K.L.:
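This is the structure, below, for whatever I ask next.
Computed from heavy atoms alone, side chains included, the values below leave out hydrogens, waters and symmetry copies. Letters A, B, ... are given to chains in the order of the sequence lines, protein chains preceding strands, and every chain is numbered from 1. What you are looking at is a predicted structure, and each value in this text was computed from that prediction instead of being measured.
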Amino acid sequence: MAFGRRQYPFHLIEPKWQRQWDEQQAFRAWNPGETVPADHPLAQRHPNTKPEQLPKFYILDMFPYPSGAGLHVGHPEGYTATDILARYRRACGYHVLHPMGWDAFGLPAEQYAIKTRQHPRKTTEQNVATFKRQIKSLGFSYDWSREVDTTDPKYFKWTQWIFLKLYNSWFNPATNRAEPIERLPYPAELESEANAAASAELETKRRAYRDSKRLAYVTEAPVWWCEGLGTVLANEEVVDGKSEVGGFPVTRKPMRQWMLRITAYAERLLADLETIDWSDSLKEMQRNWIGRSEGAEVDFEIADSRLTTGERIRVFTTRPDTLFGATYMVLAPEHKLVERITTAERRSAVEAYRIEVAKKSDLERTELAKEKTGIFTGAHAINPVNKERIPIWIADYVLISYGTGAIMAVPGHDMRDFEFATRFGLPIVEVVRPPAGNDWHGYVDDGTSVNSASAEVSLNGLATPEAKKKITAWLEKKGLGKKTVNFKLRDWLFSRQRYWGEPFPIVWKTGSDGTPYHEALPEASLPVIPPPLDDYKPTPDGQPPLARAKDWLNLPNGSKRETNTMPQWAGSCWYYLRYLDAHNDGAYVGKNAERYWMGTEENPKSKKVTPGVDLYVGGTEHAVLHLLYARFWHKVLFDLGQVSTAEPFYKLVNQGLILGEDGQKMSKSRGNVINPDDILVEYGADAFRLYEMFMGPLEMVKPWSTKGVEGVYRFLGRAWRLFVDEKSETEFEQAETTAENRKELLKLIQLNPAIKDTQPTPAQLKTLHACIKKVTEDLDGMRFNTAISALMVFINEAMTWETKPASALRDFLILLQPFSPHIAEELWQKLNAALNTSHSALTYAAWPKFDPALLVEDTLEIPVQVNGKLRDVIRVPANATPAELEAAARSSEKVKPFVEGKTIKKVIVLPRKLVNIAVG
RNA sequence: GCCGGUGUGGCGAAAUGGCAGACGCACAGGACUUAAAAUCCUGGGGCUAUAAAAAGCCGUGUGGGUUCGAGUCCCACCACCGGCACCA
């Protein structure tokens, strides 16, 4: 690679300071009760202060999956932003927790293990080492003493422990929270006192009841089976009928699976979004995913003399006001009543349709462009409001998994029903009158009810919201239906047929009646470690790989271990808690550490603290899944008294994607991937960090430009040359070509003689304080790009100073330090050594305060407009009165021609701001 | 289709309703140099005009509106990006 003269010796400076920070453990955070050594920079900054007396700031990155490909330029974007803020907060006097770790369970390592027959731990360790080296080379101020790895048995012991908490809890709807399973009340017929005699059989029933209430439960359900990956996938991991990972086709298959009852928390997951500081778009994505909708359940009687049991079909509708317009019903093809209601003459046709639907992939079934399909069952139902007989159809546009799996079809006012009715010639009636000018056919918005009256109830003339209320009340009174809330959110499919994941701490036994049942292993048996295998593939008969380990599988007491493993999300659901107390062997997190870092500890010396993680930065790809799952686990732990906040992440920011130089998404196939290692070699970590932040606002999508890196690199070069003596640098460069001890070479570089310990001039102070103000305010608002431009403005200005006052340059280095810490440290050291000034660690040097008094101007440039158009800029004393301002503006030679001969209608004078003359 | 975001020079971008384009890239001219690289200085939205200026007009996706004044607020569109997608 051809590059010109190195702007400054970053290749020596960066490793030097990284080593120094490591040796000093400069960024270590301390838990309550720990003693900070007196020579640690934190202790020097805050002498005689216990760490828990300092205000905390917990700043978190989404930890990476350490893939074999190494870091890409997207990772350091968020990491740099959080690092800048972590360093800024330390300078402001906060006690900062800024940790990093590895989300290291996952499919790629497992697939490599299948290929090579070597334990996935091996590739995992190699990849972690690569990631760690790369991340360290960027000079981030992580507290590496708290590093976590989800695949470490010391870590996943506690993942399994939390699973046991879920397993041993149930959701009490009366208290709206999770409670220990021992406190589960049983229905009267299962109460043991009442049935003291009947023991074994009763206990089996009680167990079945208990197991059906747990937050972690087993179900036989159709799941997405992916042949290519040899595992089931969660709904969220299936995209367009293919696996999100690898793009293999998936099919529906009924299997025994572990589920987590996240739906119990739907209401709270939704409501508590109001209490946290996330972007609107992110909250909206979560709301959509949870998908709350209010409506009513309504029962329709089946009109068929063959069914003597008075079968009813229950539907869910958000528009009970349109009940009079229900002209037919549709059941999902999988609905359990289909078989019973289908008439003899329709049976073969219905069966054929159901088989056809079952064959379809999800993609085909949800294809919107296609025409709706369905078939008549031969049966009829009675519309409960007008007693009309309406036909019952089955169609695949009704989903078995939402609501009750059945709908009342109102083709007049629902587009899907309208399409279906049009295709099959079903009656369409108007029951909502739209505002004038709209066609009622397929009108789905609010209007006025019409044609909606019976002998008992009339909605006619009512606006839609009132009509909903009235009919719902009527249905409830008649016992025909009730107000209901439905959610799109489904329970979380939590088991995978994989090797490289956390094994469940569960065993299976056989009951006295021969049916298998599950039981939790005792806490003392944790962690359950996956045994090494000769072959990491699933078994030939489709069992998970763990089933190959016969010795491990079968316990001496005859029970068998669960062979499923947990999904990758499990480890990432709580890692932010483990960081708080990463080496605690007695608990997943210690009480005091949790209360201090999550901000609920009583702390009179603290400033106002935020509950939970103060700032969490990561990509949008985790907008729903990880963030919803983690919130769910956190709420369960909260209910069980294990954590002290209801939400884990108080403020969350998504960084925007970085595109290739061609404006396209980076990908190997496009050949536009930028490797951070290459950038570091050529420009150094400081320039790389600075560029990532200078590109544009953090949340925006933006294209990479290596030319842009050169720009900020040149800026650092200018800053360097401002501080150092050019002659000595030339000597250094010559010495470097021959010298052996390169570390000592940096000492050859002398401070610029123009830097003197003198009082800054008022103009210099103004330049400095304008910079302090801008950088401080921009960091508070996370506007890194404009903060950097303020630093550039300062340097451009300071270059012109003949005498450079040391005090101003010291303050500048404190401002630069969060962005480009290595060069700032080096210059700080030189400056202090040359001038014999105090030599405290730059990373804990107090952030300068700007003095507004220094920014005050004597005279101001005031724009003068005529009819809002700029005509002149006049210089006036800063304290000019409005009358003086107006007079000065009107006497401007440039303004006169636009005013003369016209009537002045109005003059707007904003002191210190502008004058605008409105003429007619 | 629904929800969210974004549209400003050749490019990345900046602008509490008050001088549009800070800062940076690319570019052009100059200084230094035998020459180049690096560095330093200067210039710069478009159009009209001019020897050069001065000056004027136009300009923040499009069309309207509010206002003394709109990139910014309101209404209606268009384009691109992201998410959801037969959820009754």
K.L.:
Rounded to whole Å, please give me the gap between CD1 in A:Ile394 and C1' in B:rC86.
P.N.:
16 Å
K.L.:
Is B:rG10 paired to anything, Watson-Crick or G-U wobble with both distances less than 3.5 Å, and if yes, which nucleotide?
P.N.:
B:rC25
K.L.:
Among B:rC84, B:rA88, B:rA20, find the nucleotide with the atom closest to the side chain of A:Val398.
P.N.:
B:rA88
K.L.:
What is the pairing partner of B:rC19, taking Watson-Crick or G-U wobble pairs with both distances under 3.5 Å in any strand?
P.N.:
none
K.L.:
Mind checking if A:Asp280 touches a base, just sugar-phosphate, or nothing, with heavy atoms under 4.0 Å?
P.N.:
nothing
K.L.:
Given atom CG of A:Leu716 and atom C1' of B:rU39, what is their separation to the nearest angstrom?
P.N.:
16 Å
K.L.:
Return the pairing partner of B:rG63 with a 3.5 Å limit on both distances, Watson-Crick or G-U wobble; otherwise return none.
P.N.:
B:rC75
K.L.:
Of all the nucleotides listed (B:rG5, B:rA88, B:rG24), which has the minimum atom distance to the side chain of A:Met700?
P.N.:
B:rG5
K.L.:
Taking only the C1' atom of each, what is the distance from B:rG46 to B:rG21 in whole angstrom?
P.N.:
13 Å
K.L.:
Within the structure shown, what part of the strands sits under 4.0 Å from A:Phe420 by heavy-atom distance: base, sugar-phosphate, or nothing?
P.N.:
nothing
K.L.:
Could you check whether A:Asn796 gets within reach of a base, just the sugar-phosphate, or nothing at all, counting any heavy atom under 4.0 Å?
P.N.:
sugar-phosphate
K.L.:
Of all the choices, B:rA88, B:rG83, B:rC40, which nucleotide is nearest to the side chain of A:Met285 once you look at every atom?
P.N.:
B:rG83
K.L.:
Suppose you measure atom C1' in B:rA49 against the same atom in B:rC58; what distance do you get, rounded to whole Å?
P.N.:
15 Å
K.L.:
Return yes if the base of B:rC68 and the side-chain atoms of A:Asn916 contain a donor-acceptor N/O pair under 3.5 Å, otherwise no.
P.N.:
yes
K.L.:
Whole angstroms only, please: what is the CZ-C1' distance between A:Phe418 and B:rC86?
P.N.:
16 Å
K.L.:
Would you mind classifying the nucleic acid contact of A:Lys869 as base, sugar-phosphate or nothing, using non-hydrogen atoms under 4.0 angstrom?
P.N.:
sugar-phosphate
K.L.:
Give one of base, sugar-phosphate or nothing for A:Glu699, where a contact means two heavy atoms less than 4.0 Å apart.
P.N.:
nothing
K.L.:
A:Ser789 has a side chain; which of B:rA88, B:rA22, B:rU39 sits nearest to it?
P.N.:
B:rA22
K.L.:
Contact class for A:Lys894 (heavy atom, under 4.0 Å): base, sugar-phosphate, or nothing?
P.N.:
sugar-phosphate
K.L.:
A:His413 has an atom NE2; how far is it from atom C1' of B:rC86, in whole Å?
P.N.:
19 Å
K.L.:
Per the atom types in the model, does the base of B:rG18 pair as donor or acceptor with the side chain of A:Gln865 at under 3.5 Å?
P.N.:
yes
K.L.:
Does A:Lys906 get its side chain close enough to the base of B:rU67, under 3.5 Å, for a donor-acceptor pair?
P.N.:
no
K.L.:
So what does A:Arg871 touch, heavy atoms closer than 4.0 Å: a base, only the sugar-phosphate, or nothing?
P.N.:
sugar-phosphate
K.L.:
Starting at CD of A:Glu621 and ending at P of B:rC84, how long is that distance when rounded to a whole Å?
P.N.:
12 Å
K.L.:
Just say parallel, tilted or perpendicular for the rings of A:Phe812 and A:Phe794, cut-offs at 30° and 60°.
P.N.:
parallel
K.L.:
How far does the P atom of B:rA79 sit from the matching atom of B:rC41, given to the nearest Å?
P.N.:
47 Å
K.L.:
At 4.0 Å (heavy atoms only), tell me whether A:Arg287 reaches a base, stays on the sugar-phosphate, or touches nothing.
P.N.:
nothing
K.L.:
Looking only at the side chain of A:Tyr402 (C-beta and beyond, no hydrogens), which of the listed nucleotides B:rA88, B:rG5, B:rC68 gets closest?
P.N.:
B:rA88
K.L.:
Among A:Glu661, A:Glu692, A:Glu77, exactly one meets salt bridge (charged side-chain N to carboxylate O under 4.0 Å, His left out) together with A:Lys702. Which residue is that?
P.N.:
A:Glu77
K.L.:
Are the ring centres of A:Tyr683 and A:Phe688 closer than 6.0 Å?
P.N.:
no
K.L.:
I need the OH-P distance between A:Tyr713 and B:rA38, as an integer number of Å.
P.N.:
12 Å
K.L.:
Mind checking the C1' distance from B:rU6 to B:rU60? Whole angstroms is fine.
P.N.:
13 Å
K.L.:
Let's see if you can work this out: which of B:rC40, B:rA88, B:rA13 has an atom nearest to the side-chain heavy atoms of A:Arg718?
P.N.:
B:rC40
K.L.:
Could you check B:rG83 for me: syn (within 90° of 0) or anti?
P.N.:
anti
K.L.:
What is the distance, rounded to the nearest whole Å, between atom CD of A:Gln655 and atom P of B:rG82?
P.N.:
16 Å
K.L.:
So, taking the atom named CD in A:Glu297 and the one named OG1 in A:Thr317, what distance separates them when rounded to the nearest 0.5 Å?
P.N.:
11.0 Å
K.L.:
Pick the C1' atom in B:rG71 and in B:rA22, then give their distance to the nearest Å.
P.N.:
15 Å
K.L.:
Please give the nucleotide sitting opposite B:rC40 as a Watson-Crick or G-U wobble pair, both distances under 3.5 Å, or none.
P.N.:
B:rG30
K.L.:
Measuring only the P atom in each nucleotide, how far is B:rG7 from B:rU62? A whole number of Å is fine.
P.N.:
13 Å
K.L.:
Check every atom of B:rC25, B:rA88, B:rA14 against the side chain of A:Arg714 and return the nucleotide holding the closest atom.
P.N.:
B:rC25
K.L.:
Which comes earlier along RNA chain B counting from the 5' end, the contact point of A:Ile908 or that of A:Val701, where each point is its nearest nucleotide?
P.N.:
A:Val701
K.L.:
So what does A:Lys488 touch, heavy atoms closer than 4.0 Å: a base, only the sugar-phosphate, or nothing?
P.N.:
base
K.L.:
Any idea which of B:rA88, B:rG56, B:rG24 is nearest the A:Ser293 side chain?
P.N.:
B:rA88
K.L.:
Heavy atoms under 4.0 Å, any strand shown: does A:Ser705 hit a base, just sugar-phosphate, or nothing?
P.N.:
nothing
K.L.:
Considering every strand and a 4.0 Å limit on heavy-atom distances, what is the contact class for A:Ser401: base, sugar-phosphate, or nothing?
P.N.:
nothing
K.L.:
So for atom CD, which belongs to A:Gln664, do other residues, nucleotides or ligands contribute more than 12 heavy atoms lying within a distance under 6.0 Å?
P.N.:
yes
K.L.:
Given the C1' atoms of B:rC77 and B:rC25, what is the spacing between them in whole Å?
P.N.:
35 Å
K.L.:
Any idea how A:His622 and A:His626 line up, ring-wise: parallel (<30°), tilted (30 to 60°), or perpendicular (>60°)?
P.N.:
perpendicular
K.L.:
Can you find a donor-acceptor pair, distance only, under 3.5 Å between A:Lys372 side chain and B:rC86 base?
P.N.:
yes
K.L.:
Taking the side chain of A:Pro697 as heavy atoms from C-beta outward, which of B:rC84, B:rA14, B:rU39 is closest to it?
P.N.:
B:rA14
K.L.:
What distance separates A:Thr464 OG1 from A:Asp445 CG, expressed to the nearest 0.5 Å?
P.N.:
9.0 Å
K.L.:
Can you tell me, in whole Å, how much space there is between the C1' of B:rU67 and that of B:rG82?
P.N.:
35 Å
K.L.:
Between A:Ile84 and A:Arg689, does a side-chain contact (heavy atoms from CB on, under 4.5 Å) hold up when you go through it step by step?
P.N.:
CA-CA 9 Å; A:Ile84 289 168; A:Arg689 294 167 56 115; 4.3 Å; yes
K.L.:
Looking at every strand, decide which applies to A:Ser281 at a 4.0 Å heavy-atom threshold: base, sugar-phosphate, or nothing.
P.N.:
sugar-phosphate
K.L.:
Could you identify the nucleotide paired to B:rC47, looking across every strand shown and requiring Watson-Crick or G-U wobble geometry with both distances under 3.5 Å?
P.N.:
B:rG56
K.L.:
Can you tell me how far C1' of B:rU16 sits from NZ of A:Lys774, to the nearest Å?
P.N.:
12 Å
K.L.:
Could you check whether the rings of A:Tyr443 and A:His413 sit parallel, tilted or perpendicular, using 30° and 60° as the cut-offs?
P.N.:
perpendicular
K.L.:
Here's a test of your reading of the structure: between A:Ile917 and A:Lys913, which maps to the more 5' nucleotide of RNA chain B?
P.N.:
A:Lys913
K.L.:
With both distances kept under 3.5 Å, what pairs with B:rG1, Watson-Crick or G-U wobble?
P.N.:
B:rC84
K.L.:
Is there a donor-acceptor contact under 3.5 Å from the side chain of A:Asp725 to the main chain of A:Asn752?
P.N.:
no
